[in-house]
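Please read the structure below before turning to the comments.
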Amino acid sequence: MTGLLSGIHSPADVRALPEAELPRLCEELREEIVSVCGRVGGHLGASLGVVELVVALHRVFHSPQDALVFDVGHQAYAHKLLTGRRERMGTLRQAEGVAPFLDPRESPHDAFAAGHACTAVSAALGMLEGWSVLGRKGHAVAIVGDGALTGGLTFEGLNNAGGAHLPLVVVLNDNQMSISANVGAIPALLRTREARAFFEGLGFTYLGPVDGHDLGALLSALREARASSRPVVVHAMTQKGRGFPPAEADLQTRGHAMGPYEWRDGKLVRSRGGQRTFSEAFATALADALAKDPRVVVVTPAMLEGSALVELKTRYPDRVHDVGIAEQHAVTFCAGLARAGARPVCAIYSTFLQRSFDQVIHDVCLTGLPVVFAVDRAGLVGADGATHQGAYDVSSLRAVPGLGLMAPVVGEDIPPMLATALAAPGPTVIRFPRGTLPSPPPELRLDEASVKGARWVLRAQAPRLTLVTLGPLALAALEAAKAEAGWSVLDARCVSPLDSEALLAAADSGHVVVVEEGSTRGGLGSAVLELYAAHGRTPRVRLMGMPDVFMPHGDARVQRAALGLDAEGMRRAGRELLGERP
Ligand SMILES: Cc1ncc(C[n+]2csc(CCOP(=O)(O)OP(=O)(O)O)c2C)c(N)n1
Ligand SMILES: CC(=O)[C@@H](O)[C@H](O)COP(=O)(O)O
Ligand SMILES: [Mg+2]
């Protein structure tokens with residue numbers, strides 16, 4: 001790489017450039033972002049939209065003495081390129097490579113770790129307050145999207161900041177988009193003069209709206225904000241996908257994030273197989289439920305695309321609700337719907353459901369309201385890494401009384417599971433992973449009758465060992481067991497309530513390996529051990545799953561194999577437990 005970017009190793013180099021060179025720097029940053037994302041995929045559109053903003057921020061503020069706190073961190077590729085990570089950017093989102101979002105362990109210029117939305121204002125305010133206590137000087141800037149303004153946590157931070165009289169700078173990166181078009185009253189509010197009144201009402205000085213691609217305007221607004229002794233909002237208008245026509249033209253998919261791509265015959269081609277995903281299979285089952293039962297209502301906290309609900313939203317605009325990046329609200333909204341007699345299905349990623357644990361307990365489960373949670377991205381998620389792993393849903397939700405919890409193995413399991421959940425008098429979780437559907441062996445087909453208990457996928461004549469699995473891992477277990485003599489496979493299917501009878505029968509084999517794609521701390525394996533302890537049963541048990549660390553980014557298939565969550569790994573673990581040569 002020649003050009004300006006090759007001479008930029010830290011923000012000090014950005015500040016040393018003549019101002020007239022900054023447009024060229026922005027051009028090079030865009031070229032680099034498009035090129036990196038073309039090779040490895042990533043959050044292309046969000047990052048392209050803030051190139052001028054990031055350059056201006058590094059020009060006016062002095063990172064790391066000043067803290068630039070990016071909300072989510074998916075928009076920060078230009079920041080990574082300007083802070084010493086340019087040469088490693090080709091490793092973005094891959095194992096051992098540059099992190100998908102921001103992480104202070106990767107760079108001192110990443111002021112605060114993120115990946116989940118709506119944390120920036122609170123974190124930046126906390127840092128300012130901390131510095132004030134410790135007598136350290138510095139500016140703190142929260143860079144927040146308009147989507148993050150649909151989340152309660154952002155408002156909690158703004159409210160606190162407006163009354164705290166600290167010179168917090170909030171840069172509102174308003175591209176009029178969340179992943180989908182932004183929702184609720186906020187988008188309209190931000191288009192009117194009331195935006196000023198709103199932020200001023202909260203105790204902020206309001207600067208803007210500023211053209212977020214006009215470096216001169218940005219520099220002058222940010223300088224004014226830096227000089228302020230009060231909280232300031234700089235309202236910058238940006239365009240997602242800016243400078244890359246396919247992203248500008250297709251905001252929801254290419255404009256937010258996409259996998260690796262290439263140009264073929266003048267067309268952008270995504271390298272994605274045509275196989276159906278678990279999310280799509282769930283959406284198909286939902287379509288059926290919506291058609292059959294007028295009480296069914298679907299709720300997503302800002303993940304219409306990821307949860308494959310775009311088409312259903314078009315077909316049922318009044319029964320499919322995108323409520324914004326508002327997981328707590330989504331769950332309590334569902335509780336209200338259920339209380340009114342509707343049958344809500346909350347489609348939510350496992351990692352984002354963490355936000356609403358109390359709402360699940362207090363608003364839904366305490367009185368047993370019939371809400372269905374379609375918990376997507378349960379298990380390893382791959383390139384999004386530690387912040388997005390679906391590791392804790394089973395461990396945490398298993399503890400909640402009256403909450404049913406089940407997991408399909410194959411796509412065919414989903415319709416009967418959803419029907420069972422919708423017919424249940426109380427709340428139910430259906431958890432399924434990110435990715436494509438496996439091909440079902442004929443013996444795994446379920447009938448449409450209600451789903452009950454565990455299912456023997458393979459029952460050996462003289463069993464020596466049972467692999468107890470959850471979700472699609474049953475298929476790898478089947479492969480492992482078929483290669484060994486006397487191995488059985490039990491698909492636990494329901495974690496709550498546990499099928500005690502089947503699991504106690506599994507103990508008869510003397511050796512039990514419990515395999516799940518979730519934390520082994522408190523997950524299905526723990527449930528099985530609790531059951532055996534309660535019944536005084538003492539088979540030799542081995543637990544397999546996600547270990548007691550925050551699993552980093554990488555290829556999910558590779559990680560699965562490394563954790564032994566494939567046929568080979570299960571065979572190895574089983575043979576070890578049996579005392580046989582692995
Ligand atoms: C708590 C949480 N919910 C959902 C998401 C998924 N998500 C990531 S970015 C994004 C859109 C954010 O919109 P905005 O803040 O406007 O930023 P933009 O992408 O437009 O730059 C969403 C919904 C998340 N990261 N965290
Ligand atoms: C940044 C963020 O939280 C989302 O954009 C997320 O990366 C989407 O993940 P999926 O690709 O699994 O939908
Ligand atoms: Mg936005």
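What you see is a predicted model, and the numbers here were worked out from it, not measured in a lab. Values below: all heavy atoms of this structure, side chains included; hydrogens, waters and symmetry mates excluded.
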So do [Y] and [X] actually touch side chain to side chain, heavy atoms under 4.5 Å?
{"X": "His235", "Y": "Val210", "result": "no"}
{"X": "Ser356", "Y": "Leu353", "result": "yes"}
{"X": "Val170", "Y": "Val234", "result": "no"}
{"X": "Asn175", "Y": "Asn182", "result": "no"}
{"X": "Pro472", "Y": "Phe432", "result": "no"}
{"X": "Pro433", "Y": "Phe278", "result": "yes"}
{"X": "Phe101", "Y": "His43", "result": "yes"}
{"X": "Leu215", "Y": "Pro23", "result": "yes"}

Backbone N or O of [Y] within a donor-acceptor pair of the [X] side chain at under 3.5 Å?
{"X": "Arg431", "Y": "Leu405", "result": "no"}
{"X": "Glu327", "Y": "Ile348", "result": "no"}
{"X": "Asp214", "Y": "Asp211", "result": "no"}
{"X": "Ser47", "Y": "His74", "result": "yes"}
{"X": "Gln389", "Y": "Val381", "result": "yes"}
{"X": "Asn173", "Y": "Asp146", "result": "no"}
{"X": "Ser122", "Y": "Thr119", "result": "no"}
{"X": "Ser10", "Y": "Ala12", "result": "yes"}
{"X": "Thr154", "Y": "Thr150", "result": "no"}
{"X": "Gln359", "Y": "His329", "result": "no"}

Roughly how far apart are [X] [atom1] and [Y] [atom2], rounded to 0.5 Å?
{"X": "Leu473", "Y": "Leu478", "atom1": "CG", "atom2": "CG", "answer": "12.5 Å"}
{"X": "Met237", "Y": "Leu190", "atom1": "CE", "atom2": "CG", "answer": "7.5 Å"}
{"X": "Thr284", "Y": "Leu418", "atom1": "OG1", "atom2": "CG", "answer": "11.0 Å"}
{"X": "Asp13", "Y": "Ile8", "atom1": "CG", "atom2": "CD1", "answer": "5.0 Å"}
{"X": "Glu248", "Y": "Lys240", "atom1": "CD", "atom2": "NZ", "answer": "13.5 Å"}
{"X": "Ser526", "Y": "Leu543", "atom1": "OG", "atom2": "CG", "answer": "6.0 Å"}

| field | Criterion side chain to side chain contact (heavy atoms under 4.5 Å, CB included) on Val360 and Val429, from CA distance to verdict | value | CA-CA 11 Å; Val360 171; Val429 168; over 6 Å; no
Mind listing the closest non-hydrogen atom pair of [X] and [Y] along with its distance?
{"X": "Leu475", "Y": "Val409", "answer": "CG-CG1, 3.8 Å"}
{"X": "Ala283", "Y": "Leu309", "answer": "CB-CD2, 4.4 Å"}
{"X": "Val40", "Y": "Gly90", "answer": "CG1-O, 3.3 Å"}
{"X": "Thr387", "Y": "Gly115", "answer": "OG1-CA, 3.8 Å"}
{"X": "Asp491", "Y": "Gly471", "answer": "OD1-N, 4.3 Å"}
{"X": "Gly151", "Y": "Cys118", "answer": "CA-SG, 3.8 Å"}

Verify the neighbour count for atom [atom1] of [X]: are there more than 12 heavy atoms of other residues, nucleotides or ligands below 6.0 Å?
{"X": "Arg521", "atom1": "CZ", "result": "no"}
{"X": "Glu311", "atom1": "CD", "result": "no"}
{"X": "Arg15", "atom1": "CZ", "result": "yes"}

Cationic N near anionic O, under 4.0 Å, [X] to [Y]:
{"X": "Arg93", "Y": "Asp384", "result": "yes"}
{"X": "Glu28", "Y": "Arg86", "result": "no"}
{"X": "Glu27", "Y": "Arg24", "result": "yes"}
{"X": "Arg85", "Y": "Asp110", "result": "yes"}
{"X": "Glu106", "Y": "Lys80", "result": "yes"}
{"X": "Arg560", "Y": "Asp566", "result": "no"}

| field | Qualifying residue for side-chain hydrogen bond (donor to acceptor under 3.5 Å, both in side chains) with Arg377, from Ser279, Ser350, Ser307 | value | Ser279
| query | Can Thr300 and Asp322 be counted as having a side-chain donor-acceptor contact under 3.5 angstrom? | reply | no
| field | Any side-chain donor near an acceptor of the partner, Arg242 and Thr238, under 3.5 Å | value | no
| task | Could you go through the side-chain hydrogen bond (donor to acceptor under 3.5 Å, both in side chains) check for Thr469 and Glu516 one step at a time? | result | CA-CA 6 Å; Thr469 61; Glu516 60 193 311; over 6 Å; no
| request: Could you walk me through whether Arg434 and Tyr349 pass the side chain to side chain contact (heavy atoms under 4.5 Å, CB included) test, one step at a time? | output: CA-CA 9 Å; Arg434 187 179 199 276; Tyr349 285 19; over 6 Å; no
| query | Parallel, tilted or perpendicular: which describes the rings of His79 and His58, with under 30° parallel and over 60° perpendicular? | reply | parallel
| task | Determine, stepwise, if the pair Leu168 / Val121 fulfils side chain to side chain contact (heavy atoms under 4.5 Å, CB included). | result | CA-CA 9 Å; Leu168 176 72; Val121 174; 4.0 Å; yes
| Met544/Leu565 under side chain to side chain contact (heavy atoms under 4.5 Å, CB included): CA gap, chis, key distance, verdict | CA-CA 7 Å; Met544 300 179 75; Leu565 303 178; 4.2 Å; yes
| said: Could you check, using the six-membered ring where one of them is a Trp, whether His388 and His553 have ring centers closer than 6.0 angstrom? | reply: no
| request: Kindly say whether the aromatic ring centers of His116 and Phe352 come within a distance under 6.0 Å. | output: yes
